[in-house]
J.: 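Below are the structure tokens for one structure; questions will follow.
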Amino acid sequence: MEDKYDFSGLESKWQRVWEETGIYHSDPHPVKPKYYALEMFPYPSGRLHMGHTRNYAIGDVIARFRRMSGFCVLHPIGWDAFGLPAENAAIERGIPPSDWTKTNIEHMREQFRRLGLSYDWRREVASHHPGYYKWTQWLFLRLFKHGLAYRKKAQVNWCPDCQTVLANEQVVQGLCERCSTEVKKRELKQWFLRITDYADRLLENLDNLEGWPEKVKIMQRNWIGKSEGIEAIFKLKGTNDEVKVFTTRHDTIFGVTYLVLAPEHRLVGKIISGSPEEQEIREFIREVTGKSEIDRTSDLTEKTGVPTGAYAINPMSGETIPIWIGNYVLPHYGTGAVMGVPAHDQRDFEFAKKYGLPIKPVISPKTQTKVGEDKVYEDPGIMINSPGFNGTESEVAKDAIADFMEKRGLGNRATNYRLRDWLISRQRYWGAPIPIVYCNSCGIVAIPENELPVRLPLDVEFTPGGQSPLNYIPEFVNTRCPKCNGPAKRETDTMDTFMCSSWYYIRFTCPRMEDKAWDRETADYWLPVDQYTGGVEHAILHLMYSRFFTMFLHDIGLLKTEEPFARLLTQGMVLKDGIKMSKSKGNIVDLKEMLDTYGADTVRLFTLFASPPDRDFEWNEQGVEGASRFLGRVRRLIYEFQHEFNHSDTDYKDIPELMPEDKEMRRKVHTTLEKVTKDLDRYSLNTVIAAVMELVNSLYQFREAAKARVSAGKVMKEAIEIVLLMLAPFVPHITEELWHELGFTDSIHKEDWPDIDKSALFEAEVEIVIQVNGRVRDRMYAPKGKDHKYLESAALKQDRIKEFVGNKEIRNVFVVPDKLVNIVIS
RNA sequence: GCGAGAGUGGCGGAAUGGCAGACGCGCUAGACUUAGGAUCUAGUGGGUAACACCCGUGGGGGUUCAAAUCCCCCCUUUCGCACCA
């Protein structure tokens, strides 16, 4: 044994061996059940950080554990390689995005290797590779042909800094998700995907995703934002026009005292023209619409409005009510118009108070609280002031009112979603070109599939203005129409990179297939992903888009599965000094430095031990040293016994005449194995490591015995092997090294997960806690499996218990067999 | 404001109705040693002379023989959504 553990030499040695022998390669297996373990593929930003390390370490443990447990495991990795940072590097430093990306991938691939992750590298894919984006384009065309990709002119979110539009999902509180620049509105013709067609299924299927964190499902539910109500038709007084209003509170429709339109509402121009206040109203509209999205939607912004001078008729009560324009009505939700029920809606109440609009209660609380003009009542209750419905429960009246309105053509039931169609056009260079041309005579024409890919030109120049260079390459822009062969112009926008990442998990099943995106049979063999691991920041965007794609592909007969990810694990962040590690905060822990100082095994072990996978944890270098120390302890234990055993003899059942201490030790080994197996299954990785540490501590106490007698030595031998096998998924290098030191010639990573010997778990005696009035007062040993009566009387015979009980009356005795006796005295 | 999670020693955390603080860090002492930032051994929630006993899982109340764990109210904190009619 060498004094110092030369992790760097050993780790790279084993990495080389694993690669050369291809032990992590996986192909469909005739007998073994499949298991698809996947971590979200990274953007090649240049280097791996601790967040990556944690993510991939967790995924690697899962993959390795399943492999040892007899599954045929697919565990691939690739690169989400299109995106803005590459382009920024080009603009700022003159490096072509393709070169920048290539260098970064090479560097990060090296870091992945150094971490000892068990990937099947033959399956590596990169989304910027023409062999990959060809199929991203093909997918776009599939969507296009099924009417799910369409082009329309719309108010879109424009980030002035990124010089591109953003999907709604990429706007966070009015700011660009990437660069936090304030997002502006622009009217542009853009490509959208009809994800809203799938809103109901995206929502309903969530209930079946039992392996997903509730938190993520709730976020998706909120994002889809389904709400059911009615669209009521309000006729305008004196004209034939009508305003439709969406409401979920049609039980309060008799309480409507005014309507409010969004400034953008299509009737606004018509109803205000000619009004004496037209100028003031136009001024108000200009002011509101000129405001940024944040200013307009912040709840700090006061609700303001102006009367239009027009009136509408309440379809139910027949009352004439004024029409207003308000800053708080959103043009893109529902019908862009709302009914004001100040008695039963907080916002309407504030608005009505401010402008002196009437407040008319129509629902009375069931408990006899007073409804007044100075209080809002938003809960259900009993209908009042609603001729024909008075006295009914408001929740019941909802249906009756809806029926009534539908019968008389006053409105209909309607469902609204907050989810909007996915805007995928990006005015950027470094992305997959949208495979479309615009022909003067044929209009929008799809590129035929056999002409894919539409290649992204690589020799381009960047202007500091930040505009996509594609517009300035005549050879790219000017083309021929595939239909009529006439002159045509290519679409110069590229696709949102989320399109690339919405299907990569399918491509991994057939990464090099050239004539198809994938082979249906192979994809169906591997999919769905059994365990997906990644950051919670993708809870909505990536995870919902991927679900949408998978459903679509299922519907057009290209995939069996309807959901891509059966189980999802969202890992917590790695913090330093209480905050997220980030370059700008200057609290980065450098992975390379850590690997150089401690080695991959130690870094992996610490990140997995520090806290449960789904919780945040604080980086602590002393903790890293603790992990390193533990590995040293394991290593010393094994070297101490390395030469004590004959390794051809592996039949543990044949252990002769175990002394009670030996049996006890062996029981500890197998109870640990039992706990570790159970905890791995539920991804409680930190407690797995703790349990192994505890076992190793016990084995240290057992060293003398193990040397002194043969039976104990055998127990030690078995224990050592099980310890290495249990640690193998966590620290693959050192366990591999020590496994070979023990005399095994094949890789530990090809071993089966050890079996729990149920007979070793047997315990003749158990410790029983004795409580008096719920407080622990004594303990005793008793044979296992003794009944209530036995334990009760045994407990009462204990001296200390006698003292406590004295001659007080025993009121009750509770017994938990093999665990506890609680004596209740007065 | 709404929704979800979290709150346990000096620190990271364990225990999901039955011994609170497993395991690790840190700290204390001892052994080995030329040396110790290596290693091994022991100790380490607070009060206390004490291994007795009392107190103790954000605060308050409750259910129970028994509560960190279940219920109610409140506080703090993190994350998500935020005028969605």
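Every chain is numbered from 1 and lettered A, B, ... according to where its sequence line falls, protein lines coming before strand lines. What you see is a predicted model; the values in this text were computed from it and never measured.
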J.: Mind checking ring-ring contact (aromatic ring centres under 6.0 Å, His included) for A:Phe702 and listing every partner two or more places apart, or none if nothing turns up?
T.: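 A:Phe702 satisfies ring-ring contact (aromatic ring centres under 6.0 Å, His included) with no residue once adjacent residues are dropped.
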J.: Would you indicate what A:Val813 reaches in the nucleic acid, counting non-hydrogen atoms under 4.0 angstrom: base, sugar-phosphate, or nothing?
T.: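 The residue A:Val813 makes no contact with any strand.
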J.: Any N or O donor-acceptor pair linking the side chain of A:Arg779 to the base of B:C19 at under 3.5 Å?
T.: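 Yes, a donor-acceptor pair under 3.5 Å.
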J.: Considering only side-chain heavy atoms of A:Asn822, which listed nucleotide, B:A14, B:A66, B:C53, is closest?
T.: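 Selected nucleotide (nearest to the side chain): B:A66.
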J.: Applying a 4.0 Å non-hydrogen cut-off, can you work out what A:Asn773 is touching in the nucleic acid: base, sugar-phosphate, or nothing?
T.: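 Since no nucleic acid heavy atom lies under 4.0 Å of A:Asn773, the category is nothing.
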J.: Which nucleotide in the set B:G26, B:A22, B:A14 lies at the smallest distance from any side-chain heavy atom of A:Arg615?
T.: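 Ranking B:G26, B:A22, B:A14 by closest atom to the A:Arg615 side chain puts B:A14 first.
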J.: Determine the Euclidean distance between corresponding C1' atoms of B:C11 and B:U44; express it in Å to zero decimal places.
T.: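 It comes out at 14 Å once rounded to the nearest Å.
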J.: Could you check whether A:Phe617 gets within reach of a base, just the sugar-phosphate, or nothing at all, counting any heavy atom under 4.0 Å?
T.: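 Nothing: the residue A:Phe617, judged by heavy atoms under 4.0 Å, touches no strand.
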J.: Tell me, please, which residues at least two apart from A:Arg667 pass salt bridge (Lys or Arg N to Asp or Glu O under 4.0 Å).
T.: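 A:Arg667: salt bridge (Lys or Arg N to Asp or Glu O under 4.0 Å) contacts with A:Glu664, A:Glu763.
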J.: When we call it a touch if two heavy atoms are under 4.0 Å apart, what does A:Arg777 touch: a base, just sugar-phosphate, or nothing?
T.: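 Contact class for A:Arg777: sugar-phosphate only.
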J.: With a centroid cutoff of 5.5 Å and a plane-angle limit of 30°, would you call A:Phe814 stacked on B:C65?
T.: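 The ring of A:Phe814 is stacked on B:C65.
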J.: Give a yes or no on whether A:Tyr781 atom OH has more than 12 heavy-atom contacts from other residues, nucleotides or ligands under 6.0 Å away.
T.: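 Count not over threshold, so no.
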J.: Can you identify which nucleotide, out of B:C65, B:G26, B:G12, has its nearest atom closest to the A:Ala610 side chain?
T.: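 Nearest to the side chain of A:Ala610 among the choices is B:G12.
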J.: What does the 5'-to-3' dot-bracket notation of RNA chain B look like when only Watson-Crick and G-U wobble pairs under 3.5 Å count, and pairs to other strands show as |?
T.: (((((((..(((.....[....)))((((((.......))))))(((.....)))..(((((..]....))))))))))))....
J.: Classify A:Val816 by what it touches in the nucleic acid, base, sugar-phosphate, or nothing, heavy-atom distance under 4.0 Å.
T.: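 Result for A:Val816 = base.
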J.: Taking OP1 and OP2 of B:C2, is either one under 4.0 Å from a side-chain nitrogen or oxygen of A:Asn222?
T.: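 So the side chain of A:Asn222 is outside the cut-off, no N or O lying under 4.0 Å from OP1 or OP2 of B:C2.
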J.: When rounded to the nearest Å, what value does the distance between C1' atoms of B:G9 and B:C23 take?
T.: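 Result for the C1' pair: 14 Å, nearest Å.
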